[in-house]
Number of protein chains: 2
Amino acid sequence: MAGTSPANTDRVIEKEQGLVMPHPLDSFFAPASIALIGASRDHEKIPGRLLSMLRKNEYPGKIYPVNPNYTDIDGLACYKSIADIGAPIDLAVIIIPARAVLPALEQCAAAGVKNAVIISSGFAEEGGDSAAMQDAIAALARRTGMRISGPNAEGFFSQVPRVAATFSPAVDVKPGVVPLVATTRRIGIVAQSGGIGFAYYHRARALGVAVSYVVSAGNESDLGAGEFLDYLVQDSSTDVILLFIEGIRDVDKFLAAAERAAEVKKPVIVTKVGRSGAGRRAAASHTASMAGWSAAYDAVFARYGFIVSNDLDEALTIAALLASNPLPKGERVAVVTVSGGAGIWGADAVALQGLQVPELSEPIQAVIRQLMPSYGTARNPIDVTAQGVTSGGLQKSVDVLTASDEVDGILVVLSLSSEVRKPFKEEELTPVLLTQHKPVVFYSYTVPSDFARRELAKSGAVVLTGLAHVGVAMRHLVDYASFKLPFPADAARLSARDLSPHLKSPVLSEADSKSLLRTAGIALPDEVLVRDKGELDEAVARVGFPLAMKIQSPEIAHKSEVGGVRVDITTKGEAFLAFEALLDNARKHRPDAIIQGVLVGPMAKRGIEIIVGTMTDETFGPMVMVGLGGITTELFRDVVYRPAPVGVQEASAMLAGLKAAPLLKGFRGAAKADVMALSQLIADISLLAARHANEITEIELNPVLVHSEGQGLTIVDALVVGRR
Amino acid sequence: MAGTSPANTDRVIEKEQGLVMPHPLDSFFAPASIALIGASRDHEKIPGRLLSMLRKNEYPGKIYPVNPNYTDIDGLACYKSIADIGAPIDLAVIIIPARAVLPALEQCAAAGVKNAVIISSGFAEEGGDSAAMQDAIAALARRTGMRISGPNAEGFFSQVPRVAATFSPAVDVKPGVVPLVATTRRIGIVAQSGGIGFAYYHRARALGVAVSYVVSAGNESDLGAGEFLDYLVQDSSTDVILLFIEGIRDVDKFLAAAERAAEVKKPVIVTKVGRSGAGRRAAASHTASMAGWSAAYDAVFARYGFIVSNDLDEALTIAALLASNPLPKGERVAVVTVSGGAGIWGADAVALQGLQVPELSEPIQAVIRQLMPSYGTARNPIDVTAQGVTSGGLQKSVDVLTASDEVDGILVVLSLSSEVRKPFKEEELTPVLLTQHKPVVFYSYTVPSDFARRELAKSGAVVLTGLAHVGVAMRHLVDYASFKLPFPADAARLSARDLSPHLKSPVLSEADSKSLLRTAGIALPDEVLVRDKGELDEAVARVGFPLAMKIQSPEIAHKSEVGGVRVDITTKGEAFLAFEALLDNARKHRPDAIIQGVLVGPMAKRGIEIIVGTMTDETFGPMVMVGLGGITTELFRDVVYRPAPVGVQEASAMLAGLKAAPLLKGFRGAAKADVMALSQLIADISLLAARHANEITEIELNPVLVHSEGQGLTIVDALVVGRR
């Protein structure tokens with residue numbers, strides 16, 4: 001509960017005073033007036049629920065129901081059309097048949113309505129004519145400047161200004177139920193699926209995690225998840241952001257918002273679905289989005305320090321920790337428990353995530369031991385036993401460990417099922433949590449009672465119930481605490497060159513690929529393309545023994561498979577025989593292929609086999625990848641991606657992210673590899689791919705042999721694919 | 001809910017009729033009379049709670065409180081001592097100070113008490129004198145035949161015979177609360193931690209999963225987790241078993257019970273804690289158990305088809321699926337949803353676990369499409385939309401898919417937060433689930449209401465809330481359905497040999513190790529140990545070029561590190577130079593080492609580098625392991641263990657369990673490896689290790705080069721370690 005933030009009302013004042021920049025979506029999220037187009041008296045159906053949700057949540061602005069069939073609804077005057085309202089309207093909420101939506105929007109625009117949310121379905125997700133209607137909506141938004149969310153959206157909920165512009169039952173207000181609120185900091189939720197967005201909200205409320213906004217993006221004809229993310233990043237009532245996406249459409253806005261979030265250090269927890277084949281198939285028809293290639297999404301998330309979670313409870317556990325705790329300064333965790341078995345499990349759960357559970361110093365153990373029975377233990381995990389709750393050992397352990405510099409976080413593992421017994425007294429726990437400098441996390445192995453949740457909420461604590469999720473969340477907090485936005489790529493590393501003369505065919509042979517790379521400024525071994533046997537002598541003299549010879553053809557991608565490679569050639573005689581054999585093999589296996597000749601080059605020094613490449617993602621454009629070469633990359637899928645370009649620092653971080661990273665650091669007494677040279681190569685190739693994204697779709701350097709520290713690397717083979 | 005089992009009362013009748021064998025622990029779990037030693041009138045403290053729990057749960061047998069300070073407690077006559085009771089006693093529950101426990105047990109034994117549960121703490125978990133008291137308890141049990149559970153136990157709860165011999169608040173009965181029961185099949189819980197055992201129970205009840213028994217094992221002076229497992233395996237009121245262990249003490253009983261569970265196909269879900277360093281440290285002091293080496297535990301679990309889960313909710317999700325569904329016949333899943341985003345997530349969650357989410361055939365899609373709006377989709381995931389609930393699309397989808405042979409399981413993803421609306425009608429859902437031949441799993445993305453849980457429970461359905469857990473659980477069901485207990489090892493494969501002449505030193509050199517292995521019947525290349533340069537000529541002539549030469553000393557484990565290996569020697573001159581160099585290097589690096597000579601052998605054919613080994617686990621004895629060789633094994637920890645010995649079939653299953661398995665099957669167009677020969681080697685080595693467990697603690701064959709199918713393998717290097 002440490003670190004509170006001003007509520008939205010403060011922000012409105014700040015904005016009025018010019019202290020904070022107003023945001024174009026302020027009138028969307030906190031409208032002074034709402035027109036409800038398609039309003040209904042039937043509370044059981046969606047149109048009727050929209051009105052009742054607004055009123056139950058005590059929306060403070062003006063509501064104008066619009067429906068030609070009524071003169072009034074629930075005591076409010078009902079208008080025949082938008083034009084009849086005759087007052088400024090910040091937001092129109094539209095729930096009418098799909099075919100009537102566009103005319104209604106035209107009327108809205110004519111009446112000067114600033115924003116609209118289209119709840120109606122039956123647009124791009126159906127394809128055909130319906131998709132065309134959505135295109136027309138997008139065009140209208142561009143033409144008129146009116147901002148439009150949806151169609152096929154579930155609307156939004158703004159907690160502080162009390163705007164429930166949604167039919168979601170999750171925002172229903174039940175008489176007599178006092179909401180559980182444990183955190184002063186708030187999470188904001190952006191979801192392309194309304195069902196999931198409001199499920200986050202529903203589960204957050206059950207935990208007592210305060211929420212600032214929930215917004216469902218739907219088909220995103222105009223307003224998209226990227227722009228909503230931008231709003232929450234700049235919003236001072238939002239401290240943590242939960243993002244659920246199927247596929248990003250407003251890519252530039254999304255990337256700008258992501259960068260801003262990293263800069264202001266506002267955590268974003270993201271769930272990206274449509275990762276499986278079936279998931280992608282469904283995403284295409286659901287909100288008509290292309291779920292895309294999830295590795296590219298993960299690469300973008302990694303760049304901006306987004307916390308990726310693909311489970312609802314896990315994502316909320318992370319959000320709950322962030323909303324109720326400061327960030328940890330290190331990875332040492334104390335586990336405090338009342339049950340031995342649960343304490344062992346707690347220690348395992350955090351250790352599984354690479355966190356430390358250090359044995360405590362004797363002075364600290366001595367203090368704790370005084371307040372527990374002899375069969376407890378104070379080593380860490382600290383088992384004060386069930387008796388330790390009543391004898392004060394539990395609270396004392398938390399007190400001592402909060403103040404100690406021996407641990408960076410505390411995990412309290414206990415049973416909170418009782419409807420009457422309190423393991424902590426509010427007056428003892430609250431002061432500790434008010435001044436906490438490290439996370440204190442509460443996990444109950446039994447199902448917590450409503451009583452216990454409310455008791456702990458008084459001190460600002462959220463009770464969590466998934467131990468594995470807690471371990472994962474504590475790990476994420478440690479990583480997020482140390483995350484820094486990487487330095488941008490250094491564009492001065494490579495001079496701008498015209499590469500178009502090299503890109504005559506879409507797929508380049510190795511020799512042509514290497515020639516392009518040399519022009520671009522990438523260092524490669526000196527090699528000679530021998531077109532005719534007569535040139536071989538001179539080539540051999542220039543390269544020197546031992547040498548490697550490889551058949552060259554843009555049509556032969558896998559040279560080994562056609563007997564197109566000879567290595568370790570140490571005599572002229574061998575070289576001549578090899579030349580003939582390579583040409584013969586190529587003619588035999590691929591009689592129709594255009595043969596450019598044989599590439600003669602030196603044998604590379606030994607090194608660690610690495611693959612470096614770039615490719616073009618349909619959503620995010622050029623991406624760079626690195627992996628351990630040989631069979632390992634494919635078998636263990638040990639590759640790391642980032643959006644191109646990357647700087648040297650981010651390239652190093654990519655290498656550190658490989659499972660095979662220890663290999664580069666001098667594994668089993670081997671020499672350290674030249675990680676610096678490799679990082680530089682990754683950065684340079686990524687810059688090249690980004691700069692020539694219009695011409696080059698793919699670069700593959702495979703293998704790159706990375707030599708010992710200071711000895712550089714050798715690009716053994718290369719492939720460049722141009723845009724067709 | 002398909003597949004019910006007779007309740008325990010049926011079993012008692014069956015036992016009486018001699019249809020079922022009685023079990024020695026019947027009088028422990030269903031005692032006709034209980035003496036409560038240390039009974040108290042104070043319901044707030046543990047002794048008083050024991051009595052009140054027994055009575056609140058309506059224990060039908062006789063209760064005899066024993067406490068010299070009272071003449072009666074809560075209307076029951078209270079006895080001064082056990083001897084005073086003068087009636088047969090099946091079970092004594094003991095909750096008195098530690099030092100008084102042993103005398104009380106002596107009195108129990110004298111009075112003919114059959115079983116005892118010691119709740120009191122302060123024994124082996126404290127060490128020293130307290131540990132000695134526990135040893136005396138164990139001795140008493142052996143001497144008298146009285147069966148003793150604990151000390152430091154939380155007791156047990158038998159649901160059907162209504163025996164709440166525990167102070168756990170989880171078994172408290174709240175007036176007016178009707179328990180939620182969704183399943184007719186029951187789970188039985190064995191836990192070495194009472195806190196966790198009863199937490200499982202508490203969470204199972206919240207889900208509506210019926211429970212047969214919960215038993216906490218505590219310090220296991222006599223009765224251990226293995227024997228309790230045995231009871232639940234043979235118990236006909238238990239259909240699924242949940243096991244929580246820190247470390248197994250009654251290993252033989254545990255293994256026998258595990259084998260029996262596999263034979264009768266009763267699923268066991270196991271959580272093993274103490275996997276981390278801190279966890280092991282805590283386990284040692286908690287129930288005074290040694291948590292051991294978790295890889296050995298996992299190997300044992302794998303042999304018997306145990307389902308390993310290290311998260312409470314995940315374990316219960318698996319248990320809930322098993323208790324409410326038949327096993328699936330394949331891995332094709334239909335995801336049915338009312339929210340597009342949630343459906344995509346559901347498809348991702350099962351696909352992540354390697355399950356299939358196939359697009360449905362057009363006839364099935366056509367049937368479903370009739371009952372949903374045009375913006376839904378019937379492809380799979382099937383999004384009937386929110387409207388599809390009222391229009392019947394949801395129920396219809398479940399009906400059609402249950403009957404279809406296109407999928408093997410159904411995942412229903414929906415929001416069950418409403419307190420009033422039912423997504424399914426009991427009269428429509430129940431008949432489908434009563435006759436179901438495949439799992440139908442219900443997941444709510446919002447927090448389910450008590451109303452919804454109870455409504456679905458009427459049809460036998462459990463509502464789950466963790467999507468990732470559901471995916472994992474569905475995978476486990478598929479795997480468990482196809483699990484078969486492997487054939488035992490074929491002891492006739494290797495003849496019994498006396499190996500003691502080979503085991504003169506604890507660590508054998510390569511040459512000595514290979515000599516031992518040859519004697520044992522393992523095929524190895526023909527190699528010659530050359531002790532003197534004069535013998536080299538003959539050795540070279542016998543082996544033939546090209547050859548490899550390796551220094552031999554029991555004190556030099558890593559020959560490469562002392563310049564002790566030469567390969568690819570093709571001339572006599574090279575051989576002589578190598579011989580001298582190897583001896584020189586050894587003398588230089590390790591002047592004090594005893595040098596046996598140089599091992600001269602043929603160069604091995606190419607092959608996939610594999611490591612095969614055995615080691616001795618302190619709990620389970622000899623274990624066999626296999627891994628991909630070279631750096632990969634260590635870097636990616638790609639190794640598989642099993643208890644030794646294994647048969648060829650289980651050895652093949654080990655290989656299939658490697659991440660690198662595709663490499664053996666002909667990766668990237670390479671030839672298939674001789675998996676048969678490798679399986680046979682694993683089986684033989686495991687048999688050797690098991691048979692000579694008293695003499696050999698470790699065998700390491702590294703590398704083994706596995707050649708193409710039919711070409712066998714070559715053991716390149718070998719190390720045998722004897723018992724010191």
Side-chain angles (χ1 to χ4, degrees), chain A residues 121-122 125-126 169-170 192-193 195-196 199 202-203 206 244 246 273-279 281-283 285-287 310-313 339-345 347-348 351-352 357 374-375 377 379-381 383 415 417-418 445-447 466-468 631-632 635-636 659-660 662-663 667, chain B residues 121-122 125-126 169-170 192-193 195-196 199 202-203 206 244 246 273-279 281-283 285-287 310-313 339-345 347-348 351-352 357 374-375 377 379-381 383 415 417-418 445-447 466-468 631-632 635-636 659-660 662-663 667:
Chain A
S121 295
E125 75 277 17
E126 286 192 12
Q192 287 183 321
S193 156
I196 295 299
H202 194 246
R203 292 194 182 212
F244 176 88
E246 297 173 19
V273 297
R275 290 172 179 268
S276 64
R281 187 171 67 222
S285 62
H286 174 223
T287 52
N310 291 315
D311 185 83
L312 241 167
D313 284 332
S339 155
I344 299 167
W345 207 347
D348 278 2
L352 183 67
V357 186
S374 58
Y375 50 88
T377 171
R379 295 170 76 183
N380 192 19
D383 177 7
S415 169
S417 58
S418 175
Y445 45 88
T446 49
V447 182
L467 185 54
I631 52 159
T632 327
L635 210 51
F636 296 98
K659 293 190 200 92
L663 209 59
F667 192 60
Chain B
S121 294
E125 75 276 18
E126 284 192 12
Q192 286 182 322
S193 157
I196 295 300
H202 196 245
R203 292 195 182 211
F244 176 89
E246 298 172 19
V273 297
R275 289 174 178 268
S276 64
R281 188 169 69 223
S285 63
H286 174 224
T287 51
N310 291 314
D311 185 83
L312 242 166
D313 284 333
S339 155
I344 299 167
W345 207 346
D348 278 2
L352 182 67
V357 186
S374 58
Y375 51 88
T377 168
R379 294 172 75 182
N380 191 17
D383 177 6
S415 170
S417 58
S418 173
Y445 46 87
T446 49
V447 182
L467 185 54
I631 52 160
T632 326
L635 209 54
F636 296 96
K659 294 190 200 93
L663 209 57
F667 193 59

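Just so it is clear, the structure is predicted and the values come from calculations on it, not from any experiment. Letters A, B, ... mirror the listed sequences (proteins, then strands); counts begin at 1.
- Interface remark: of the candidates A/V357, A/D311, A/N310, A/D311 forms the most heavy-atom pairs closer than 4.5 Å to chain B.
- Ring orientation note: the planes of B/F636 and A/F636 are close to parallel, at an angle under 30° on the 30°/60° scale.
- Contact count against chain A (heavy-atom pairs under 4.5 Å) is highest for B/S374 among B/A170, B/S374, B/P169, B/G277.
- No side-chain donor-acceptor contact under 3.5 Å links A/R379 to the backbone of B/A278.
- When each of B/T446, B/L352, B/L663, B/L467 is scored by its heavy-atom pairs under 4.5 Å with chain A, the top score falls to B/T446.
- Closest heavy-atom contact between B/V447 and A/R203: CG2-CG, 3.7 Å.
- B/D313 touches chain A through its side chain: at least one heavy atom from C-beta onward sits under 4.5 Å away, while N, CA, C and O do not.
- Contacts between B/Y445 and chain A at a heavy-atom distance below 4.5 Å involve backbone atoms as well as side-chain atoms.
- Of all the heavy atoms in B/S193 and A/S339, the pair that sits closest is OG-OG, 3.7 Å.
- Not one N or O on the side chain of A/D348 forms a donor-acceptor pair closer than 3.5 Å with the backbone of B/V273.
- Taking every heavy atom of both residues into account, A/E246 and B/G341 meet most closely at OE2-CA, 3.5 Å.
- Heavy-atom distances place both the backbone and the side chain of A/A468 under 4.5 Å from chain B.
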